[in-house]
Amino acid sequence: TGIRPAKLAMGLIESGMKNTEAAQEMRERYMVSPQKTALAITIANREREILKDIDYENGYSLYVGIPFCPSICLYCSFSSYPLKQWKNRVNQYLEALCKEIKEVAAIMKAKGRKLDTVYIGGGTPTTLEPEQLKVLLDALMENFCCENLAEFTIEAGRPDSITREKLMMIRNYPITRISVNPQTMNQETLDLIGRRHTVLQIKEAFKMAREEGFDNINMDMILGLPGENIDMVKNTLEQIKELSPESLTVHSLAIKRAAALNVWRDKYSDLSIENSAQMVDMAADYAARMDMEPYYMYRQKNMAGNYENVGYSISGKECIYNVLIMEEKQTIIACGAGASSKIVFHNESDNEHSVRIERVENVKDVTNYIERIDEMIDRKKRFFEENIF
């Protein structure tokens, strides 16, 4: 099981096993249930198909982090900061980030590496104003070759951060995929967990994105949100189905140590957190009704019901970056506060292929990142000077 269940399945298949042999190994050696074995094998085969044209050894992917959000959700423990309190530092953050982007591009050009995918995440990237988005996207265009990317994603996850002006700005660039994330379509839950938007805003943001020509939109939802029962989950799935996104990521709530729901657990002790096989199966059934199949999966600590997060997508609209980060087959260089670069070394010896992974971390605190940006850049430079890559 672990964090990356499909990685085990893929390893067995790539070792030469047939699907039936890999499934038997997972059931008998690792005691995985037949249902979860089938899920892992299905995803592993789809991941192989998605990644078949990606050059692991000579290519790389880029992650850019925007650590600001309209508000901080009750369950969140990411490196996120409420925009209202940090609004006066956003331009300084962008200045530091663009400096790191420029230096990273120079490093990777010197290494002769080709950029395959770009993922702008957070936080919520669309907390940036249109002109700030332009500054960021111009920096990427000026420093990286983005003409032949396999994929370019930007999270527009919070509907209350999405405006038509921002969507129009994004459309000026070769961005192929966005996210509009409801997490739930139940207003009482949205209010409880601290998402300062309405169900209607979710629908309006999605409609605006369609009107501006976005044809690859992901939506996230969370199973096990406080107070939600199976009927509420069904309501969320029904309304997402009506919107008809190209992909749906179904998360099981994971309450991490730093999340408010855990820090102030006495305050929320009367809230029920329910996740069940019935909910998980219902989400899979609705995804199938939307012509989606599972294409990536991962697990976290303290997940409600001890389930998993599964990404579903219609054919051809999968997120390549999501698969790459789960399977750890390609180097991902990360820029921004709290960003963690993952450098993959491929070693060939005696007809065997092995992989070694090293990480280069950026500081999480925004103020520290701004003040220590040169240190963050030097850390990356030193790593690539000291390692044959």
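Values reported hereafter were calculated over all heavy atoms of this structure, with side chains retained and with hydrogens, waters and symmetry mates removed.
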Is the shortest distance from a Lys or Arg side-chain nitrogen in [X] or [Y] to a carboxylate oxygen in the other one below 4.0 Å?
X      : Y      : result
Arg4   : Glu327 : no
Lys134 : Glu131 : no
Lys36  : Glu308 : yes
Lys114 : Asp116 : yes
Asp374 : Lys99  : yes

Are side-chain heavy atoms of [X] and [Y] found at a separation under 4.5 Å?
X      : Y      : value
Leu253 : Asn275 : no
Phe383 : Ile343 : yes
Pro5   : Met26  : no
Leu149 : Pro174 : no
Tyr63  : Val118 : no
Glu293 : Ser315 : no

Can [X] and [Y] be counted as having a side-chain donor-acceptor contact under 3.5 angstrom?
X      : Y      : answer
Asn218 : Thr249 : yes
Glu151 : Thr176 : no
Asp191 : Gln187 : yes

On a heavy-atom basis, the closest approach of Gly157 and Thr126 is N-OG1, 4.3 Å

Option passing salt bridge (charged side-chain N to carboxylate O under 4.0 Å, His left out) with Lys380 (candidates Glu103, Glu386, Glu100): Glu100

Any pair counted as ring-ring contact (aromatic ring centres under 6.0 Å, His included), so long as it reaches residues 149-198, sequence neighbours left out: none

Residue pairs meeting ring-ring contact (aromatic ring centres under 6.0 Å, His included), one or both in residues 33-57, sequence neighbours left out, come to none

Working for salt bridge (Lys or Arg N to Asp or Glu O under 4.0 Å), residues Arg379 and Glu375: CA-CA 6 Å; Arg379 188 179 294 175; Glu375 178 187 331; 3.1 Å; yes

How would you list, by chain and number, every residue that makes a side-chain contact (heavy atoms from CB on, under 4.5 Å) with [X], sequence neighbours excluded?
X      : value
Arg29  : Glu25
Glu212 : Arg164, Leu167, Met168, Arg171, Phe214
Ile13  : Asn19, Ala22, Ile41, Ala44, Asn45, Arg48
Asn186 : Thr184, Glu188, Thr189, Glu228, Met232, Asn235, Thr236

Among residues at least two apart in sequence or on other chains, which ones pass ring-ring contact (aromatic ring centres under 6.0 Å, His included) with Tyr321? Tyr119

Under the ring-ring contact (aromatic ring centres under 6.0 Å, His included) rule, collect the residues that match up with Tyr369, sequence neighbours excluded. Tyr93

Count the heavy atoms of every other residue, nucleotide or ligand shown that sit under 6.0 Å from CD of Glu147, and state whether that count exceeds 12. no

Taking everything shown except Lys102 itself, do over 12 heavy atoms lie less than 6.0 Å from its NZ? no

Name every donor-acceptor pair, under 3.5 Å, that has one atom in a side chain of residues 200-208 and the other anywhere in the protein, sequence neighbours excluded.
| unit_1 | atom_1 | unit_2 | atom_2 | d |
| --- | --- | --- | --- | --- |
| Gln201 | OE1 | Thr198 | N | 2.9 |
| Lys203 | NZ | Gln239 | OE1 | 2.7 |

Which pairs pass salt bridge (charged side-chain N to carboxylate O under 4.0 Å, His left out) with one or both residues in [range], sequence neighbours excluded?
range            : result
residues 230-248 : Arg210-Glu246
residues 329-340 : Glu14-Lys329
residues 282-292 : Asp285-Arg289

What do the steps show when you test Arg89 against Gln92 for side chain to side chain donor-acceptor pair (under 3.5 Å), and what is the final call? CA-CA 5 Å; Arg89 305 295 308 270; Gln92 290 175 291; 2.5 Å; yes

